[in-house]
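Structure first, commentary second.
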Amino acid sequence: MFVIGSGGKHLEGELRELGGEIIEVELRKFPDGEKYVRVLGSGNEATVVSSTFAPQDEKIVELLLIGDALRERGFKKLRAVVPYFAYSRQDRVTKEGEPVSVRAIMKALGIYYDELYIFDLHNPETLKYFPGKGVNVSPARVIADYFREKLGDGIVLAPDKGAHERARAVAQELGLEYSHFEKKRVSPTEVEMRPVDIDVRGKNVLIVDDIISTGGTMVKASEILRKLGAGKIFVGVTHGVFAEGAIERVSKAVDELAVTNTIPTPVSKISIVPEILRL
Ligand code: R5P
């Protein structure tokens with residue numbers, strides 16, 4: 001039984017279509033801006049689905065209120081599916097006095113939820129901060145399915161070493177080669193970025209990553225691939241946290257940009273709903 005928060009409304013139609021049972025919930029705001037939540041069903045177990053894209057803080061508070069309402073209603077086991085987890089990039093203290101923000105949010109959710117499912121978490125190690133069972137869900141299968149025919153016998157690339165595992169997972173689904181970009185010093189004054197140990201000439205390339213923000217990473221990677229004579233360039237990313245103008249910038253630089261619908265955007269063409277139903 002699913003409970004859909006305001007960060008999951010864009011997934012609700014497909015969840016219902018594919019057979020997901022939904023417990024109705026009333027969600028609105030008090031005149032002063034505070035959230036009002038009322039669960040309109042009962043049961044033992046529930047999976048609350050809500051992604052925490054902007055305005056992030058409201059959606060986080062709402063997840064806490066829904067958790068409290070469900071416990072109050074007598075639900076015994078609660079799972080939270082938070083496809084995009086806000087604050088996930090603030091996973092360390094860089095200046096004295098800062099919080100580990102991702103830890104704060106995970107601990108707070110742990111008050112109510114027994115299990116937490118996040119898609120392609122920026123740093124999967126941070127799941128250790130969630131007191132219950134924390135799962136990092138891979139979108140590799142749905143991204144691979146979307147690009148299978150377009151990519152043909154192409155290759156899968158990660159824009160940096162940190163995303164290498166993501167490229168491996170998608171490439172494995174497709175049975176294709178994969179690699180990542182690396183910075184290479186070519187002279188004392190010059191650093192070159194290029195794919196490691198793989199020839200892209202004439203090959204279609206799919207670049208995968210967890211997040212697009214400004215789009216700078218993808219634009220740079222695609223410029224390099226064009227210079228190296230790659231065929232078609234596709235970008236398949238999990239979370240489209242697009243800054244102003246980023247969709248246009250990346251779309252202009254590549255043959256196709258597609259992200260998953262962990263966040264609803266004009267290019268969220270790849271659905272994670274089938275994966276939610278498999279959890
Ligand atoms: C970095 O660690 C992330 O995985 C992404 O590569 C990064 O957030 C993308 O940012 P932008 O789109 O601004 O280049």
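Just so you know, ligand 1 is whichever comes first in the structure, and atom 1 is the first atom listed for that ligand.
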- Task: With side chain to side chain donor-acceptor pair (under 3.5 Å) as the test, would you mind laying out the steps for R79 and Y113 before giving the verdict?
- Result: CA-CA 6 Å; R79 309 201 295 173; Y113 295 94; over 6 Å; no
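Note: H164 and Y178 meet the aromatic proximity criterion, with ring centroids under 6.0 Å apart.
F2 has its side chain out of reach of I23: every pair of non-hydrogen atoms, C-beta onward, lies at least 4.5 Å apart.
Geometric assessment of K59 against the ring of F53 yields a positive cation-pi assignment under the 6.0 Å and 45° thresholds.
Note on I66 and L279: separate hydrophobic clusters, where clusters join Ile, Leu, Val, Met, Phe, Trp and Tyr whose side-chain heavy atoms are under 4.5 Å apart, directly or indirectly.
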Contacts table for ligand 1: protein N or O within a distance under 3.5 Å of ligand N or O, distances only.
unit_1   : atom_1 : unit_2 : atom_2 : d
ligand 1 : 4 (O)  : D209   : OD1    : 3.3
ligand 1 : 4 (O)  : D210   : OD1    : 2.5
ligand 1 : 6 (O)  : D209   : OD2    : 2.6
ligand 1 : 12 (O) : S213   : N      : 2.8
ligand 1 : 12 (O) : T214   : N      : 3.2
ligand 1 : 12 (O) : G215   : N      : 2.8
ligand 1 : 13 (O) : T214   : N      : 2.8
ligand 1 : 13 (O) : T214   : OG1    : 2.5
ligand 1 : 14 (O) : T217   : N      : 2.9
ligand 1 : 14 (O) : T217   : OG1    : 2.4

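Side-chain atoms of Y87 and D57 include a donor-acceptor pair closer than 3.5 Å.
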